[in-house]
Amino acid sequence: MNQQEKIVTMFDNIAKSYDIANRVLSFGIDKGWRKEACEKTYKIYNHKTIDLILDVACGTGDMCEQWDKRAKENDIKISKIYGADPSSGMLEVAKQKALNAKFLQAEAKDLPIKDKTVDILSISYGLRNVVERDKGLKEFYRVLKPGGILVILEFTKLQKETILSKLRDFYMKKILPIIGGILSKNHEAYNYLPNSIDGFLTKEKLIKELQDTGFSVEEATGYSMNISTLFIAKKPSS
Ligand SMILES: C[S@@+](CC[C@H](N)C(=O)[O-])C[C@H]1O[C@@H](n2cnc3c(N)ncnc32)[C@H](O)[C@@H]1O
């Protein structure tokens, strides 16, 4: 099994306990991070009708649900919301929720979506798991319409050590693996999370990768003591 297959199998194995573990481990704050991402994006995109929103690495469908809810609140009409994920286990949980979304089994680097058809493409806490990230980012660029928006929520590596970053690391490395391991009965998966953050990019490096792919970065903001970072990037209009 290669590294990417191992990651997807790990998500298959924790799929059933994923939602409850997420809520407990983030004290429910993760919902607020997703809500803020959707609301800011709708303001920046500023269209009252949207053809397609695609959530990549959709997991159990939380982001698809937020796109739908926030659109209704803001009187935005969306024709289609798609969620894509390579983990059949995660998609199975998503499908049971009867959300206003269609789910596809696919990897970030190989999306079964036509060129220039997506208005908004999101990936929340998923980019770290995309082993061939360069191919993924190019694929996002390919499917987005000119002027379309890429939204990334991610736990980035912190550039400077501060008291707060040490606190975050202590929680992520010492507390989270124990609680996550108990809730999911899969200790390996919840040891993977802090390691995958350590192995990921800083905010500045991800901005550079997005710019190198052709995006203009409109926003890169840290939330909750920089635990979570929201990136909003635009594909140029022409
Ligand atoms: C931490 S979960 C995030 C799920 C969801 N987006 C959320 O916010 O809760 C990461 C997801 O990335 C998916 N994933 C792993 N490798 C991927 C890849 N190469 N392309 C797309 N998704 C991938 C996993 O199957 C998993 O569902």
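No experiment lies behind these values; they were computed from the predicted model shown. As the structure lists them, so they are numbered: ligands from 1, and atoms in each ligand from 1. Position 1 is the first residue of the sequence, and the numbers go up from there.
Looking at Arg128 next to ligand 1, no N or O pair under 3.5 Å apart turns up. At least one N or O atom of Ala108 sits closer than 3.5 Å to an N or O atom of ligand 1. Inclusion of Asp55 in the set of residues having an N or O under 3.5 Å from an N or O of ligand 1 is not warranted.
A salt bridge links Asp212 to Lys208: one of the charged nitrogens lies within less than 4.0 Å of a carboxylate oxygen. Ion pair Lys77/Asp75 flagged as a salt bridge, since at least one NZ, NE, NH1 or NH2 atom sits closer than 4.0 Å to an Asp/Glu carboxylate oxygen.
Here Gln4 has side-chain heavy atoms under 4.0 Å from ligand 1, and that is the only part of it that gets that close. Contact annotation for Cys58 and ligand 1: only backbone heavy atoms (N, CA, C, O) come within less than 4.0 Å of the ligand. For Met90, every heavy-atom contact with ligand 1 shorter than 4.0 Å involves the side chain, none the backbone.
No more than 12 heavy-atom neighbours from other residues, nucleotides or ligands sit within 6.0 angstrom of CZ on Phe170. Atom NZ of Lys40 is surrounded by more than 12 heavy atoms from other residues, nucleotides or ligands within 6.0 Å. Atom CD of Glu39 has more than 12 neighbouring heavy atoms from other residues, nucleotides or ligands inside a 6.0 Å radius.
In summary, the atoms of ligand 1 found under 4.0 Å from a heavy atom of Ser87, numbered by their order in the structure, are 25 (O). For ligand 1, the atoms sitting less than 4.0 Å from at least one non-hydrogen atom of Tyr125 are 1 (C), 2 (S), 3 (C), 8 (O), 10 (C), numbered in the order shown with element in parentheses.
In this structure, the ring of Tyr125 has its center less than 6.0 angstrom from the ring center of Phe155.
Distance from atom 7 (C) of ligand 1 to its nearest protein heavy atom, with residue and atom name: Arg34 NH2, 3.2 Å. The protein non-hydrogen atom at the shortest distance from atom 10 (C) of ligand 1 is Asn129 ND2, 3.2 Å. For atom 12 (O) of ligand 1, the nearest protein heavy atom (residue, atom name, distance) is Ala57 CB, 3.4 Å. Atom 22 (N) of ligand 1 has as its closest protein heavy atom Pro86 CD, 3.2 Å. Atom 2 (S) of ligand 1 has its closest protein heavy atom at Tyr18 OH, 3.4 Å.
For the pair Lys235 and Tyr141, the distance from NZ or CZ to the six-membered ring centre is under 6.0 Å and the angle to the ring normal is within 45 degrees.
Under the 3.5 Å distance criterion, the side-chain polar atoms of Lys48 are matched with a main-chain donor or acceptor of Asn74. A donor-acceptor contact shorter than 3.5 Å links the side chain of Glu154 to the backbone of Arg128.
Assignment of Met63 to the shell around ligand 1 is not supported, since no heavy atom sits closer than 4.0 Å. Ligand 1 lies less than 4.0 angstrom from a heavy atom belonging to Asp85.
For the pair Asp12 and Met90, the tightest heavy-atom approach, listed with the atom from each and the gap, is OD1-N, 4.4 Å.
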